[in-house]
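First the structure, in the form of structure tokens, and then the observations on it.
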Amino acid sequence: MPPRHILILGGTTEARELAALLAARPDLRVTTSLAGRVSRPGAVEGDVRIGGFGGAEGLADWLRAEHVDHLVDATHPFAESITANAVRAARSAAVPALVLRRPGWQPGPGDRWHDVASLDEAAALLPSLGRRVFLTTGRLGLAAFAHLSDLHFVARSVEPPEPPMPRHTEVLLARGPFTPSDESALLIDHRIDVLVTKDSGGTATSAKLTAARGLALPVVVVRRPPLPEGVDAVPDVAGVLERLGLTP
């Protein structure tokens with residue numbers, strides 16, 4: 001009997017952790033698919049493919065051709081189109097699927113959070129909150145702020161961002177995890193008035209929220225897009241293993 005084939009749509013810490021655990025089992029074949037948007041992704045155990053599938057139809061064809069038994073979407077919480085395509089493809093190919101999503105961040109005592117539904121809403125709110133902005137929405141999110149020529153932005157991303165971007169932008173290339181002390185020093189050194197972030201969840205980049213709380217800075221939080229209707233979501237790798245029937 002051939003090993004069960006599990007396709008992981010990856011790009012997150014949880015996806016790498018899941019791939020490592022599954023690839024260690026001789027009764028499984030594990031393939032992780034990466035979108036290819038980051039030039040130096042972390043090491044991933046098992047088989048790896050790079051690039052898109054050609055939408056939901058292309059992914060459904062791949063699921064059938066490669067005899068995939070389970071699909072796990074462990075992409076970033078803001079990879080809305082990838083998740084939507086994964087759900088449609090899995091249903092089309094009759095492949096069981098589930099979504100791995102780490103829990104989102106929640107405000108604590110002393111936080112000055114402003115929840116918004118989009119980057120455009122964040123941009124509209126910024127002029128009322130400060131003049132110097134620490135922007136941590138990823139390299140593809142700067143275009144929404146490009147018209148704010150009167151503000152100064154410090155933008156951090158793993159890869160160099162592409163235009164358009166705000167006229168006054170200082171780019172910091174770095175990959176988490178970060179410590180609260182380092183984040184506090186960054187906010188102070190750059191005289192930051194307001195932080196803008198997406199609700200990525202997890203601990204790798206949450207230190208900036210702790211630092212902003214300590215400095216009493218306002219934080220604009222872009223909330224996650226909703227999951228497709230009827231999607232089966234679990235919060236961690238342990239939940240995936242349980243749903244796949246792979247717990248000890």
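The first residue of the sequence shown is numbered 1, and numbering continues consecutively from there. Reckoned from all heavy atoms, side chains included, excluding hydrogens, waters and symmetry mates.
- Judged by distance alone, the side chain of Glu121 and the main-chain N or O of Ala117 form a donor-acceptor pair under 3.5 Å.
- Thr169 contributes no side-chain N or O that, together with a main-chain N or O of Met165, makes up a donor-acceptor pair within less than 3.5 Å.
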Name the atoms and distances for all side-chain donor-acceptor pairs under 3.5 Å in residues 204-212, with sequence neighbours left out.
unit_1: Ser206; atom_1: OG; unit_2: Thr203; atom_2: O; d: 3.3
unit_1: Lys208; atom_1: NZ; unit_2: Thr136; atom_2: OG1; d: 2.9
unit_1: Lys208; atom_1: NZ; unit_2: Thr197; atom_2: OG1; d: 2.9

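- A salt bridge (charged side-chain N to carboxylate O under 4.0 Å, His left out) check over residues 62-72, counting only residues at least two apart or in different chains, returns the pairs Arg29-Glu66, Asp61-Arg64.
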Output side-chain donor-acceptor pairs under 3.5 Å for residues 44-52, partner residues at least two apart or in another chain, one line each.
unit_1: Arg49; atom_1: NH1; unit_2: Ser33; atom_2: OG; d: 3.2
unit_1: Arg49; atom_1: NH1; unit_2: Gly51; atom_2: O; d: 2.8
unit_1: Arg49; atom_1: NH2; unit_2: Gly52; atom_2: O; d: 3.4

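- The distance from the CG atom of Leu98 to the CG atom of Leu244 is 6.0 Å, given to the nearest 0.5 Å.
- Inter-residue side-chain proximity for His152 and Val133 is flagged as unmet; no heavy-atom pair is nearer than 4.5 Å.
- Qualifying side-chain contact (heavy atoms from CB on, under 4.5 Å) partners for Arg167, counting only residues two or more places apart in sequence or in other chains: Ser149.
- Partners of Asp111 under the salt bridge (Lys or Arg N to Asp or Glu O under 4.0 Å) rule, at least two apart in sequence or in another chain, are Arg213.
- For Glu162, the salt bridge (Lys or Arg N to Asp or Glu O under 4.0 Å) partners are Arg139, not counting sequence neighbours.
- With Asp193 contributing its side chain and Arg131 its backbone, the two residues share a donor-acceptor pair below 3.5 Å.
- For residues 82-101, every residue pair satisfying the salt bridge (charged side-chain N to carboxylate O under 4.0 Å, His left out) rule, not counting sequence neighbours, is listed here: Asp73-Arg101.
- Remark: Phe145 engages Phe153 in a ring pair (Phe, Tyr, Trp, His ring centres under 6.0 Å) (not counting sequence neighbours).
- Grouping the Ile, Leu, Val, Met, Phe, Trp and Tyr side chains by contacts below 4.5 angstrom, directly or via other members, places Val154 apart from Val194.
- The side-chain contact (heavy atoms from CB on, under 4.5 Å) check on Ala174 picks up Arg156, Phe178, with sequence neighbours excluded.
- Although no hydrogens or angles enter the test, the distance criterion places a donor-acceptor pair under 3.5 Å between the side chain of Thr12 and the main chain of Ala74.
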Could you go through residues 220-228 and list every donor-acceptor pair under 3.5 Å that involves a side-chain atom there, pairing it with any protein atom two or more places apart or in another chain?
unit_1: Arg223; atom_1: NE; unit_2: Asp115; atom_2: OD2; d: 3.4
unit_1: Arg223; atom_1: NH1; unit_2: Trp105; atom_2: O; d: 3.2
unit_1: Arg223; atom_1: NH1; unit_2: Asp199; atom_2: OD2; d: 2.9
unit_1: Arg224; atom_1: NE; unit_2: Asp199; atom_2: O; d: 2.8
unit_1: Arg224; atom_1: NH1; unit_2: Arg102; atom_2: O; d: 2.8
unit_1: Arg224; atom_1: NH2; unit_2: Arg102; atom_2: O; d: 2.9
unit_1: Arg224; atom_1: NH2; unit_2: Pro103; atom_2: O; d: 3.3
unit_1: Arg224; atom_1: NH2; unit_2: Ser200; atom_2: O; d: 3.1

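- Inter-residue side-chain proximity for Leu126 and Val196 is flagged as met; some heavy-atom pair is nearer than 4.5 Å.
- Linking Ile, Leu, Val, Met, Phe, Trp and Tyr residues whenever their side-chain heavy atoms come within less than 4.5 Å leaves Val231 and Leu9 in two separate clusters.
- If you chain together hydrophobic residues whose side chains sit under 4.5 Å apart, Leu119 and Val158 never meet in one group.
- When the salt bridge (Lys or Arg N to Asp or Glu O under 4.0 Å) test is applied to Arg132, no partner is found at least two apart in sequence or on another chain.
- Residues Gly55 and Asn85 come closest through the heavy atom pair CA-ND2, 3.9 Å.
- Here the side chain of His76 pairs a donor or acceptor atom with the backbone of Phe78 at under 3.5 angstrom.
- Two residues are said to be in side-chain contact when any heavy atoms from C-beta on lie closer than 4.5 Å; Arg112 and Leu217 fail this criterion.
- Every residue two or more places apart in sequence or in another chain that forms a side-chain contact (heavy atoms from CB on, under 4.5 Å) with His147 is listed here: Ala123.
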